Every structure is written in structure tokens, then in C-alpha cells.
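Atoms considered below: every heavy atom in the structure, side chains included; atoms not considered: hydrogens, waters and symmetry mates. Here the structure is a predicted model, which is why all the values come from computation and not from measurement. So that the names make sense, note that chain A is the first sequence line, chain B the second, and so on, each numbered from 1.
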Protein chains: 2
Amino acid sequence: MQKSGPTPPPTDDRTAAPPPARGRGRPRAFDREAALAQATRLFWSKGYEATSIADLTEAMGIASPSLYAAFGSKEALYVEAVNHYRKSYEGLVWGRFFTAGTAREAVMGLLMDSAATLTGCRGDIPRGCMVTLSAVGSEGHAELGEVVRSARASAVDILTERMARAVAEGEIPASVDLHALARFVQTVQAGMSILARDGAERAELEAVAEVAMLGWDARVGGRPSP
Amino acid sequence: MQKSGPTPPPTDDRTAAPPPARGRGRPRAFDREAALAQATRLFWSKGYEATSIADLTEAMGIASPSLYAAFGSKEALYVEAVNHYRKSYEGLVWGRFFTAGTAREAVMGLLMDSAATLTGCRGDIPRGCMVTLSAVGSEGHAELGEVVRSARASAVDILTERMARAVAEGEIPASVDLHALARFVQTVQAGMSILARDGAERAELEAVAEVAMLGWDARVGGRPSP
DNA sequence: CATATTTTGTATTGATCGACACAGAAATAG
DNA sequence: CTATTTCTGTGTCGATCAATACAAAATATG
């Protein structure tokens, strides 16, 4: 028995479906991406622990063996859901951040778009940020906690990098504590997720963003830090 | 059979142990308050869903029938735990708020004490605010959601009332949007809980609080809102 | 003392959890 | 066609969930 065959690389990397090559056996009867999107929405609105396999199979329109064959386990499905969330929805919040000409406009755009997106004003999506709210509820699941923690860390990294560029371009004085400023923006955005989940309206969060930008201006445009 | 006896009022109100009158039967072998404190810590750090009865009985040092006899159900125990949390720990965060002479000092004290308390720098307590973090994870438990939601609402009420007093005393111009300002402070404090749960240090949150106070100053001390 | 009342410890309850066995169905390969 | 491979649907696995039944133990009352 020849152990050859174009065995596609054993797919050790999670979250990546092997090239969509159509295999040999019975074809899958459901849309994997659509099912993943439904699972994402469910995890997003209910959290990891509170979402059961029964909830998932009902929302995804498949039976549990199909779920396990396609995604492996509940934890692996959650990891894929987080990645799907980031690819599909983070642009709503971070879009203007990357196109803005100044760091101030970038942060302003981030907070304003957060106010709109997190309150569900961008179509029919759950309230709050899936990654931010995963800070709670992923206790006791080390691997999942690491996934969402690194996602949050990347956000603060992006903020810090953008501000460092602004320093290099002369927009922000070199004396400003960029880490504190990035943490401040992260704090406001994280708080927005909780307020939004609690029912706060878009206009309220926009007013919060405006006050936050006053803090930004005072720190950046004002005198060098004490 | 005479239906008399000094039946203490039927204890319809939850969370209130009837006057510690020693009843007739076998005395309870554990300290109800101490057991409640342990349950509070567990709910606080793991959340409602992720905390099982087995976790609770182990931490409280009792068997499940004793738990149910003393507290009624998991939901009722959680409600008592939230009240215990508020009575025992909210003072660490809100203490200076009520003794401060000005609204600014009150808010500054609130945020600074939050930075210290939420990072566990006030003794051996879990990170983050139990009430804030309950915004997530109490989905699908209507009654519990209402308890923690009203607790959060009372926080923003307290903030607004203090600011209204400051307006009456001339500290804050009447033109300032108090609701937006209260929401801003609530947002920063809520965000701090998430950052703290994520591992942020006290000094980082204090730096965040300082930037937030710059926003306060710009809004309150600055020109009347645009 | 005897009796009533309450708690404790052991052992379960039915329900639900995540995950899977198995056989039939649907496709490709030879 | 037959053989092989893969997916679907039914049914169910052991573990754990929240919540109790039951009887022995411990207190108060009479």
C-alpha cells in the first residue's frame, strides 16, 4: 500500500480550512461560512459558557456530528468564531482609524465608530465588542483566554504604534506618555462595550467620546506632562 | 395546636437574615456570613454561569443541602452575594467620593480608588468590579440581570446627583451636560474593570484616571459646551 | 424523660452538558 | 458496475448540572 497521494498539509494550523478543494466523499450539505457566521453571532451575544452545543446546532441548522466534523470541538469553533468576528466586523470600528491623516482623527474616528457600531447602529448585530466582552467568562479556559487576550493586546499595540508615528511626524510632543494615552483610549472603548451591552444609546456614547477627546487634547496639545 | 409563638416576620424580604434569634432545632454548624463571603468571592472571580454548585459547596465548606436550606437556590445566593459585595467592598471604591468637598475631588477620588481597588491592591480581592463585570454573563437570567443592572444604574444616579449639587454650589456651570459627564465617568470606570481583569497594573489605571480628569476639567472648567 | 423542629451527611434525581458510535446516504475513483 | 471516502441523522455515551429525599444527629420545648 503506497503511502503517497497528494496529502494536503495536515492542516495543523487551526482556523484555516484547507484549500477549498472538493474532496472525494459526500459533499457537505451546509455552507460552512454561513454556519460559522451564525455561531459567531451566538457566541458574541451570549458568551462562551452560556452558549451550548444545542444552541449552536439549532442556530447553525446542522446536527452535532456535522458540527464536530467541520469544526472539531466547541473550543475550536469559538476560536474560529473570534477570527471570523475580527475579519468581518472589526473594520466597522477600526476603518476610519487606518485612513485618518492624523492620530487625533484616527482616535476620534475609532471612538465615534465604536459608539455607533457597539450600539448596534450598523445593521443587525449584537451590542458590544465580542473580543472586549470575552475578558469575562473565559475564566478557566486557558487557551481561549489567551486568544482573546492577545486580540485585545493587539488593539493597544495598534494604538501605540499610530501614536508613535504621530510623534515622529510632529503631531504629538515627544514628552507625552504614549502608553498611558493608549491605555486611556482602550479603557474608554472597553467601557463603551459594557455601557452598550447595558442599553446605552449611540448618542450617549458619542457624547462620552467627545469628553474623552477633550482629555486627549489636554494631554497631547497641552503642556508637557508634569 | 396553638398557632402562636413569636414567629418572627416571615422573612419575605430576601437578603435579610431574620433577627439572629436562635430557633428550635439543631443549630447551624457553619457561619452563614463567612459562607456568603466565600460565595461572593467565587461569583466575583468566575461569574454566575461558570460557578457551579460543586464549586460553591467546596469553597463554602458545606454540603449542598445546607446551601439550599440557608440560601434557597443558586440565583437567590447570587442576589445575596451581590448585596454582600456592595456592602463589603463598594466602600473601597466610593469612600472618598462621599467625603470629598468638591465634585471634582469626588470623581478624582473615585477613579483613583478604582485604579487601586480594581487591581487588587486593597488586600486579597479579585480583580475588577463584580457588578460591572456582571453586565456580561447574566444573559438569559432575567431576574439576575435586573439586579445587577439596577446596581449599575444607581452608580450613574449617584454621579449625576453629586454633579447637580456641584451645579447648585457654583462649582460646575449650569450649561454642562451632566448626563454626558456622568456617562463618561461610568465608562472610564467600567473600562478599568476590564483592563484590570486583563492584568493591567494600578499605575497604568491611575495614569488613565489622570487623562480622564483632564477631560473632566476641559468640560467643566472650560467654556460652556459648544 | 419524650416530642417537635431544624441541620447535617449520604446518596440520588431528572435534565442537560460536550462529544461520539453507528449505519445509511451521497459523492468520487477505478 | 464496485470500492472507497465523506457527510448526515438518529441515538446515546459518561460527566456534570442544579436541586432533593431520606435518615441520623442535635437542639429546644413540654
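Taking B:S88 as the reference, B:H84 meet the side-chain contact (heavy atoms from CB on, under 4.5 Å) condition, with sequence neighbours excluded. Taking the side-chain contact (heavy atoms from CB on, under 4.5 Å) definition, one finds that A:A164 meets it with A:L178, sequence neighbours left out. Applying the side-chain contact (heavy atoms from CB on, under 4.5 Å) rule to B:A180 yields the partners A:A207, B:D177; only residues at least two apart in sequence or on another chain are considered. A:R127 is linked by a salt bridge (Lys or Arg N to Asp or Glu O under 4.0 Å) to nothing, counting only residues two or more places apart in sequence or in another chain. The salt bridge (Lys or Arg N to Asp or Glu O under 4.0 Å) test applied to A:R28 returns no partner, not counting sequence neighbours. Applying the side-chain contact (heavy atoms from CB on, under 4.5 Å) criterion to B:S64, with sequence neighbours excluded, gives B:I53, B:T57, B:Y68. Remark: B:R165 engages B:E169 in a salt bridge (Lys or Arg N to Asp or Glu O under 4.0 Å) (not counting sequence neighbours). With sequence neighbours left out, A:R86 forms a salt bridge (Lys or Arg N to Asp or Glu O under 4.0 Å) with A:E90.
In this entry the distance linking NZ of B:K74 with P of C:dA15 reads 19 Å, nearest Å. Rounded to an integer number of Å, the gap from A:L67 CG to C:dC17 P is 14 Å. Between B:R28 atom CZ and C:dT6 atom C1' the separation is 10 Å, expressed in whole Å. What separates CD1 of A:I62 from P of C:dA19 is a distance of 14 Å, to the nearest Å.
Across all strands, A:F30 comes closer than 4.0 Å only to sugar-phosphate atoms, never to a base (heavy-atom distances). At a threshold of 4.0 angstrom between heavy atoms, the contacts of B:A29 are confined to the sugar-phosphate backbone, with no base atom among them. Within 4.0 Å of A:T51, counting heavy atoms only, lie sugar-phosphate atoms of the nucleic acid but no base atom.
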List, with names and distances, any nitrogen or oxygen atoms from the protein found under 3.5 Å away from nitrogen or oxygen atoms belonging to nucleotides 11-13 of chain C.
none

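Across the helix from C:dC1-D:dG30 to C:dG30-D:dC1, the helix axis at one end is tilted relative to the axis at the other end by 10° (nearest 10 degrees, each axis from five pairs).
Listed by first and then second residue, the side chain to side chain donor-acceptor pair (under 3.5 Å) pairs that reach into residues 107-123 of chain B are B:R96-B:D113, B:D113-B:R122, B:S114-B:Q189, sequence neighbours excluded.
Between A:Y68 and C:dC20 there is no side-chain N or O to OP1 or OP2 distance below 4.0 Å. Between B:S66 and C:dT7 there is no side-chain N or O to OP1 or OP2 distance below 4.0 Å.
Aromatic ring pairs are classed by plane angle as parallel below 30°, tilted from 30° to 60° and perpendicular above 60°; the pair A:Y48 and A:F43 is parallel.
Ring-centre distance between A:W216 and A:F184: not below the 6.0 Å cut-off.
A nucleotide of DNA chain D counts as in contact with chain B when one of its atoms lies under 4.0 Å from a heavy atom; the first and last such, 5' to 3', are D:dC17 to D:dT29.
When each of B:G25 and A:A69 is assigned the nucleotide of DNA chain D bearing its nearest heavy atom, the one mapping closer to the 5' terminus is A:A69. Mapping B:P27 and B:S73 onto DNA chain D by nearest heavy atom places B:S73 at the nucleotide closer to the 5' end.
Residues B:D157 and B:S154 bring no donor and acceptor atom of their side chains to less than 3.5 Å of each other.
Applying the 3.5 Å distance criterion, the base of C:dA25 shares a donor-acceptor pair with the side chain of A:R26.
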